Amino acid sequence: MTTEEADKILSANFAPWVLRLGLSVEAVEDDRAVLRMPWSDTLAREGGALSGQAMMAAADTATVIAISAARGAYGPMTTVQQSTTFQRAVIGSDVLIEAVVTKLGRRMAFTGVTLTDEASGDIAAHASTVYALLG
């Protein structure tokens, strides 16, 4: 899968509010995807830090792209579980989101997601996700 194909998955399959996060696909491999979420004051919460909700939505979205890459194409899927641990605030920086498929079964997929503050290189959050594969 190319980054262009992955960007088409983004534009064709996500709700308008997810698209307003401004996510773009930076890289895609057989078992992973790296997305960029550009800094936006509209995603900041009180105190100026990027909201956790935006980071969780970005992690969830990156998971779909990584699973699609691992399967060779997009197919219907849904989140079963997502657990996120926040480690530090992101202020004024883009976030790089790397989702890695750790197990791909016939009906379920599991991933680990790392969200990194691009400016500092520090990990801002980790997530683990479980998806049901519907098609």
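Just so it is clear, the values below take in all heavy atoms, side chains as well, and ignore hydrogens, waters and symmetry mates. Keep in mind the model is a prediction, meaning the values are calculated, not measured.
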Residue set satisfying side-chain contact (heavy atoms from CB on, under 4.5 Å) with Ala54, at least two apart, ordered chain then number -> Leu21, Met37, Leu43, Leu50, Ser51

Could you tell me if Tyr131 and Thr78 have a donor-acceptor pair between their side chains, going purely by distance under 3.5 Å? no

Apply side-chain contact (heavy atoms from CB on, under 4.5 Å) to Arg36 and Glu118, showing your working. CA-CA 9 Å; Arg36 173 183 300 274; Glu118 186 184 39; 2.7 Å; yes

Please determine whether side-chain contact (heavy atoms from CB on, under 4.5 Å) holds for the pair Val64 and Phe14, giving the CA-CA distance in whole Å, both sets of side-chain angles, and the decisive distance to 0.1 Å. CA-CA 10 Å; Val64 171; Phe14 289 90; 3.7 Å; yes

Check the pair Ser68 / Met77 against side-chain contact (heavy atoms from CB on, under 4.5 Å), numbers first and verdict last. CA-CA 9 Å; Ser68 296; Met77 62 184 89; 3.7 Å; yes

In one Ile/Leu/Val/Met/Phe/Trp/Tyr side-chain cluster, 4.5 Å: Trp17, Leu23: yes

Sub-3.5 Å donor-acceptor pair from the side chain of Asn13 to the main-chain atoms of Ile9, do we have one? yes

Distance-only donor-acceptor hits, side chain of residues 97-110, under 3.5 Å, sequence neighbours excluded:
residue	atom	partner	partner atom	Å
Glu98	OE2	Arg32	NH1	3.2
Thr102	OG1	Phe110	O	3.2

With sequence neighbours excluded, residues passing side-chain contact (heavy atoms from CB on, under 4.5 Å) with Thr116: Thr114, Ile123

Around Arg88, counting heavy atoms of other residues, nucleotides and ligands shown, do more than 12 lie under 6.0 Å from its CZ? yes

Consider side chain to side chain contact (heavy atoms under 4.5 Å, CB included). Of Ile65, Val28, Val95, Thr63, which one does Leu35 pass it with? Ile65

With distance as the sole test, does Asp7 use its side chain to make a donor-acceptor pair with the main-chain N or O of Val25 at under 3.5 Å? yes

Return yes if a side-chain donor-acceptor contact under 3.5 Å exists between Thr129 and Thr111, otherwise no. yes

Heavy atoms only: give me the nearest Ile91-Ala49 pair and the separation to one decimal. CG1-CA, 3.8 Å

Just by distance, do the side chain of Asp94 and the backbone of Trp39 share a donor-acceptor pair under 3.5 Å? yes

Strictly distance-based, threshold 3.5 Å: is any side-chain N or O of Thr79 a donor or acceptor partner for the main-chain N or O of Gln81? no

Could you see if Val34 belongs to whatever hydrophobic cluster contains Tyr74? Use Ile, Leu, Val, Met, Phe, Trp, Tyr and a side-chain cutoff under 4.5 Å. no

Taking all heavy atoms of Ala125 and all of Thr84, pick out the closest pair and write down the distance. CB-CG2, 4.3 Å

Any donor-acceptor N/O pair, Gln82 side chain to Val130 backbone, under 3.5 Å: no

Are Leu115 and Leu96 side-chain neighbours, meaning at least one heavy-atom pair lies under 4.5 Å? no

Test your reading of the model: is there a side-chain donor-acceptor pair from Ser93 to the backbone of Val90, 3.5 Å cut-off? no

